[in-house]
Amino acid sequence: MSELRVEQLHTLEEFDACVHLQQKTWQYSAGELLPRRVFFLADKLGGHVLGARDGNTLVGFNLGLPAQRNGMAYIHSQMLAVLPEYRNSGLGRTMKLRQREIALEQGIKLIEWTYDPLEIKNSFFNLSRLGAISRRYIPDFYGSSSSPLQGGLPTDRLYAEWWIDSDHVKRVMAREAMKEKVEATVSVPAQIYAWKAEGDKHAVQTQLRVREALTRHFAEGLSVIGYERAEDGTGAFLLGLVPAEFQSY
């Protein structure tokens, strides 16, 4: 592995490489693949496509789309892919931090994306390494998926809100202790990966339990403000009151 570098992508050939890497990562059917044109438009319309290279080989990418809600512009980070042999190398974090730098240069305050609440490592990364918060749960967000990584389950998703210039994000990225009080927790067992791969009924039961608990807590006015992982791999969402700096949004 040579020195990895992250850079913005702009050419059709580079976008073709992103499409190929997308297929290799998720094994989608043709109808679910984002085509080259989406990457091209993201680059041209105020979003961005970041690529991670090992030498001349593209080994990861991060696609951000321009978006707007309630009069505020933000970036919707639609997809981040890293080849299996480069995972757990810090490459995903490097791409997210570069994405943050670009957004700040654009005057953007918020980057959002969706993530599977049953993916323990990803939840930990989003919430306890980047400092995102979550307060919206959408059952079966994408409808049925051909990706074997979904395990045949509905595509339930949480929204990650990454307020990139906030005190909360800065504290989390600096690994400082959480200031907010934890009012509730929702656990995800480490066995969830095996259950999904085997089509075990416990995967369905776990998803329904997590869906019901998080939806109820959000209705009570709580948000996900952190995440913990136990030594056995079990994950837990930490819920508390929405940090004061986000209450107006």
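- At least one side-chain heavy atom of L153 sits under 4.5 Å from a side-chain heavy atom of L118.
- Applying the ring pair (Phe, Tyr, Trp, His ring centres under 6.0 Å) test to W113 and every residue at least two apart in sequence or in another chain returns W162.
- The closest side-chain heavy-atom distance from L130 to V169 is not below 4.5 Å.
- Residues passing the salt bridge (Lys or Arg N to Asp or Glu O under 4.0 Å) test with R171, sequence neighbours excluded: E180.
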Q.
With side-chain contact (heavy atoms from CB on, under 4.5 Å) as the criterion, how do T185 and F237 come out once you've worked through the C-alpha distance, each side chain's angles and the decisive distance to 0.1 Å?
A. CA-CA 5 Å; T185 62; F237 292 97; over 6 Å; no
Q) Run the salt bridge (charged side-chain N to carboxylate O under 4.0 Å, His left out) check on E7 and R5 step by step: do they pass? A) CA-CA 7 Å; E7 58 193 16; R5 67 185 190 278; 3.5 Å; yes
Q) Between L83 and D54, does a side-chain contact (heavy atoms from CB on, under 4.5 Å) hold up when you go through it step by step? A) CA-CA 11 Å; L83 289 178; D54 185 353; over 6 Å; no
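- Contact check for E32 versus W26: no side-chain heavy atoms found under the 4.5 Å cut-off.
- Take E14 and apply the side-chain hydrogen bond (donor to acceptor under 3.5 Å, both in side chains) test, not counting sequence neighbours, and it matches T11, R53.
- Contact annotation: the side chain of L91 approaches that of V59 to within less than 4.5 Å [non-hydrogen atoms, C-beta and beyond].
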Which atom pairs, one a donor and one an acceptor, fall under 3.5 Å between side chains of residues 99-106 and the rest of the protein, sequence neighbours left out?
residue, atom, partner, partner atom, Å
Q99, OE1, N62, ND2, 3.4
Q99, OE1, K96, NZ, 2.8
Q99, NE2, H48, NE2, 3.3
Q99, NE2, S77, OG, 3.1
R100, NE, I164, O, 2.7
R100, NH2, I164, O, 2.6
E101, OE1, R98, NH1, 2.9
Q106, NE2, G46, O, 3.0

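- Atom CG of L12 is separated from atom SG of C18 by 11.5 Å, given to the nearest 0.5 angstrom.
- A search for ring pair (Phe, Tyr, Trp, His ring centres under 6.0 Å) contacts involving F39 returns F61, not counting sequence neighbours.
- A pairwise comparison of heavy atoms in G143 and T155 identifies O-OG1, 2.9 Å as the closest pair.
- The shortest distance between side-chain heavy atoms of M178 and L238 falls below 4.5 Å.
- For Q23, the CD atom is densely surrounded, since the number of other residues' heavy atoms within 6.0 Å is greater than 12.
- The stretch residues 234-246 participates, sequence neighbours left out, in no salt bridge (Lys or Arg N to Asp or Glu O under 4.0 Å) pair at all.
- We find the CZ-CZ distance between R135 and F246 to be 8.0 Å, quoted to the nearest 0.5 Å.
- For the pair A213 and V186, the tightest heavy-atom approach, listed with the atom from each and the gap, is CB-CG2, 3.8 Å.
- Rounding to the nearest 0.5 Å gives a distance of 15.0 Å between OH of Y115 and CG of L80.
- If you chain together hydrophobic residues whose side chains sit under 4.5 Å apart, F125 and V172 never meet in one group.
- One hydrophobic cluster holds both V6 and L21 under the rule that ILVMFWY side chains link at heavy-atom gaps under 4.5 Å.
- Between Y227 and V188 the shortest side-chain heavy-atom distance falls below 4.5 Å.
- Qualifying salt bridge (Lys or Arg N to Asp or Glu O under 4.0 Å) partners for E212, counting only residues two or more places apart in sequence or in other chains: R216.
- For Y193 (side chain) and I120 (main-chain N/O), a donor-acceptor pair under 3.5 Å exists by modelled atom type.
- Atom CZ of F40 sits in a sparse spot, with 12 or fewer heavy atoms from other residues, nucleotides or ligands closer than 6.0 Å.
- A heavy-atom distance below 4.5 Å is not found between the side chains of H168 and K179.
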**Q.** Steps toward side-chain contact (heavy atoms from CB on, under 4.5 Å) verdict (L50, L9)
**A.** CA-CA 6 Å; L50 296 177; L9 306 181; over 6 Å; no
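- For R211, the salt bridge (Lys or Arg N to Asp or Glu O under 4.0 Å) partners two or more places apart in sequence, or in a different chain, are D156.
- The cationic group of R36 does not satisfy the cation-pi geometry with F15, failing either the under 6.0 Å distance to the six-membered ring centre or the 45° limit from the ring axis.
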Q | Step-by-step side-chain contact (heavy atoms from CB on, under 4.5 Å) determination, Q22 to K24 | A | CA-CA 5 Å; Q22 174 193 180; K24 192 171 182 179; over 6 Å; no
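- Taking Y74 as the reference, A67, R69, H76, L110, E112 meet the side-chain contact (heavy atoms from CB on, under 4.5 Å) condition, with sequence neighbours excluded.
- Under the salt bridge (Lys or Arg N to Asp or Glu O under 4.0 Å) criterion, K170 pairs with D165, not counting sequence neighbours.
- Relative to the six-membered ring of F124, R229 meets both conditions, a distance below 6.0 Å and an angle of at most 45° to the axis.
- The CZ atom of R209 sits 11.0 Å away from atom NE2 of H202, with the distance rounded to the nearest 0.5 Å.
- Taking CD of E183 as the start and CG of L241 as the end, the distance is 5.5 Å to the nearest 0.5 Å.
- Put simply, the side chain of M95 reaches to within 4.5 Å of the side chain of V82, judged on heavy atoms.
- Side-chain atoms of S128 never come within 3.5 Å of backbone atoms of G226 as a donor-acceptor pair (strictly under, hydrogens ignored).
- Atom CZ of R93 is surrounded by more than 12 heavy atoms from other residues, nucleotides or ligands within 6.0 Å.
- We find that E85 and R87 are not joined by a salt bridge, their nearest charged nitrogen and carboxylate oxygen being 4.0 Å or further apart.
- In the hydrophobic clustering of this structure, I111 does not group with I225; members are Ile, Leu, Val, Met, Phe, Trp, Tyr whose side-chain heavy atoms approach within less than 4.5 Å, directly or through other members.
- Residues V210 and P117 approach most closely at CG1-CB, 4.3 Å, considering heavy atoms.
- In terms of heavy atoms, S134 sits closest to A160 at OG-CA, 3.9 Å.
- A distance-only check finds a donor-acceptor pair linking the side chain of Q207 to the backbone of P154 [under 3.5 Å].
- Heavy-atom minimum distance, V19 versus L34: CG2-O, 3.6 Å.
- None of D116, T206, V204 except one satisfies the side-chain contact (heavy atoms from CB on, under 4.5 Å) rule with K196; the exception is D116.
- Taking each heavy atom of A42 and G64 in turn, the nearest pair found is CB-O, 3.7 Å.
- Under the rule for a ring pair (Phe, Tyr, Trp, His ring centres under 6.0 Å), H20 has no partner lying at least two apart in sequence or in another chain.
- Considering only residues two or more places apart in sequence or on other chains, D232 meets the side-chain contact (heavy atoms from CB on, under 4.5 Å) condition with A230, T234.
- In this structure, CD1 in I133 is found 11.5 Å from CG in L158, a value given to the nearest 0.5 Å.
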